[in-house]
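Encoded as structure tokens, the structure appears first; notes follow it.
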Amino acid sequence: MTNIRLKNIEKSYGDVQVIPPLDLEIEDGEFVVLVGPSGCGKSTTLRMIAGLETTSAGKVFIGDRDVTDLRPGLRDCAMVFQSYALYPHMTVKENIGYGMKVRGVDKKIAAEAVANAARVLNLTDYLHRKPAALSGGQRQRVAIGRAIVRDPEVFLFDEPLSNLDAKLRVEMRVEIKQLHRRLKTTMVYVTHDQVEAMTMADRVVVLNAGIIEQAADPITLYEFPVNKFVASFIGAPSMNMLEGKLSGTGDDLVFESDAGASFPIPKSRIPALAEFSGERFSLGIRPEHTSENADVGPKIQIKVIDVEPLGPHTLLIGEVGGEKFTAQFSSRSRPQPDDMVDVYVNSGEVHFFRESDGRAVR
Amino acid sequence: MSVRDLRGAKRHWVLFGCLIWLTFALFPLYWVAITSLKSPVDVVGGPTYLPFVDFQPTLKAWTELFSGIRGEFFSNFWSSTIVALSASVIATIIGSMAAYALVRFTFRVRLMSGITFFVVAMGGFLFGREVLGIGPATASIIAFCIALALSIFINRFKLPGPVLGNDDIVFWFVSQRLFPPIVVAFALFLLYTEMGKLGFRMTDTYFGLTLAYVAFSLPIVIWLMRDFIASLPLDVEEAAMVDNVPTWRIFFGIVLPMSKPGLIATFVITLAFVWNEFLFALFLTNSKWQTLPILVAGQNSQRGDEWWAISAAALVAIVPMVIIAGLLGRMMRSGLLMGAVK
Ligand SMILES: Nc1ncnc2c1ncn2[C@@H]1O[C@H](COP(=O)(O)OP(=O)(O)OP(=O)(O)O)[C@@H](O)[C@H]1O
Ligand SMILES: [Mg+2]
């Protein structure tokens, strides 16, 4: 049983509170991804689990052990750093085996573990090279190998892939996922890349300024973001937001955007939204829920600024009354910059966020 | 713009300038080398430049040097070598440890406890001397120990006054080197003689001389190694910490190998300092552990300006350092960190 429990952990540097009291439970064998914008405290949280950073208050449990005051080495975590952090003067083999050598593991067993890890990570041909003679992807695999042979209770990853190029990143993503499937060890993974978060996680924890905005599985996060921050952070290209207010009553409830567009509220949403008539709201529309087909729902007129043909579909970067709006059309349509285009919105998929606190109403 | 980009005449001028400078730098060495081969007549009879052309070279100065007519050459060479090597090795290792501690850990020394140390150490010494009438060495050792223990103890409490951090400590180390060495050498000499009276022979011993050199080299070692260690990636050490590698092993197994270029540079600088040092050796030794600089200087005083003898001795003092620098110079180059991060 190696779940991780963070109980009211806080972190302050002097007077600056980086992490306000934070609660998080990570289950045994779960793959949790902490995601959020730069500087939101992801690394700090991870380093508090690893013990590389002390907590200003609160407690950290790994399994049943209270590890709050334990030094990093005794927590039985393995960590993979963004910068790889390999020992530059040791060969790949020595790098992977160093921890075992220090712990006095039997030489034969250690050699076997190193060989195993190298085989799994396709490093067998490089065992006698120094890190300087490896590519970025190989270095990162050595770092992962070093973590695997530790056979830890918990794996911690701090943006392990962000120094790799896009293609390698996708490959390593798959490798780490496979690793998790095979080892079934609890993993905590930090990234600022929401695609990485969505593709890898059992559960994504969205952090903002040290606060957990939402923790849920990727699909829930995508379909039911609890607030405006999560909604615009998750999904690429990110969700369009139109500012405006609700007006009308009963079945005539409409959203009137500040830009002048009016958007009838779909029947299914009226019960939840009716009581807020007159209040200011943001209307969230994902680009992938827009179309050039008139039959999907109500329309919004946008002025096209740029056209991005991606192949499977084409993105229109445009604006509505000064606000940016991205629409997704089929690749058959060929609008030009400066055109005025009618965009039809799948009204069943839109989100409403109260302007007062940013929370979603549904 | 780099000199490499120069073409044509400009390039030749630069080359010419460099050659002039090279001649200027190498000429004294050449002069010493040929002077050591001259006979007394050739030295005093005006300048001569080319062996076999201007003068007939002779090995007289060298045979005299090695046969021991002019001082205990082999003994001096031997003591220079082992004192210099051991003092530099010890100073580099201890200094690196101190530098590592000063880079990676935060120290807080209250000014009040520093002042307490000074007052207790000085006061205790004077009290022991004047009131109790104890010998100076005993008095200073006792006062020093009490002052150290007391100041470490009271540093735990919230004393008024400023708190000094790591940078202040480093500056304090380095400030040791701001004294004129003669002051330190003289004080050390007094201390050593007093200790000798207590039965710990320190003057003209391997231990005494090495200790003095280690102490006097430490500030520079700490200063140099601090920058080298501060430039090491912290991630690598953190990775080892997470892997449950004990701190001493992180230091010896990871930090020291990573700072190898810095270590070697520091070692060579310390070695050169100790090898060339004259003042301490003059004060603290008299026969058995005299070093080469003393021998070289001695050539002058014994029988007048015998430049041929001085030159031979000087060459012997120079050559080992040239060899060491040549051997270790290539290892000082950085680039060892490649592949650790990024
Ligand atoms: N030693 C420090 N002193 C003061 N503030 C710090 C210190 N270390 C980090 N911070 C602050 O803590 C906050 C969180 O830092 P952290 O490294 O956890 O961010 P992050 O989410 O990992 O960002 P990134 O994606 O850029 O790595 C940042 O705003 C940073 O400025
Ligand atoms: Mg970070």
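Chain letters run A, B, ... following the sequence lines, proteins first, then strands; residues in each count from 1. All values below come from the heavy atoms of this structure, side chains included, with hydrogens, waters and symmetry mates left out.
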* Is a donor on one side and an acceptor on the other found under 3.5 Å between the side chain of A:R71 and the backbone of B:M241? -> no
Is it the case that more than 12 heavy atoms not belonging to B:F207 sit under 6.0 Å from its CZ atom?
-> no
Checking the side chain of A:H89 only, and the main-chain atoms of B:L256 only, is there a donor and an acceptor separated by less than 3.5 Å? no
(request) Give the C-alpha distance, both sets of side-chain angles, the deciding distance and a yes or no for side-chain contact (heavy atoms from CB on, under 4.5 Å) between A:Y98 and B:I254. (result) CA-CA 10 Å; A:Y98 187 65; B:I254 294 166; 3.8 Å; yes
To the nearest 0.5 Å, atom CE of A:M79 lies from atom CG of B:D235 at 8.0 Å
Whether over 12 other heavy atoms sit under 6.0 Å from A:Q17 CD | yes
Verify the neighbour count for atom CZ of B:R156: are there more than 12 heavy atoms of other residues, nucleotides or ligands below 6.0 Å?
-> no
Looking at A:R146 and B:D243, does any basic side-chain N land under 4.0 Å from a carboxylate oxygen?
-> no
Taken to the nearest 0.5 Å, the spacing of B:M258 CE from A:M90 CE works out to 9.0 Å
**Prompt:** Is the number of heavy atoms from other residues, nucleotides or ligands under 6.0 Å of B:R108 CZ greater than 12?
**Reply:** no
Rounding to 0.5 Å, atoms CD (B:E237) and OH (A:Y87) come to a distance of 10.0 Å
Between B:V242 and A:C77 the two heavy atoms that sit nearest each other are CG1-O, 3.3 Å
**Message:** Side chains of B:E238 and A:R47, heavy atoms from C-beta outward: is any pair under 4.5 Å?
**Reply:** yes
Chi angles and distances behind the side-chain hydrogen bond (donor to acceptor under 3.5 Å, both in side chains) call for B:N244, A:R75: CA-CA 9 Å; B:N244 203 8; A:R75 296 192 179 195; over 6 Å; no
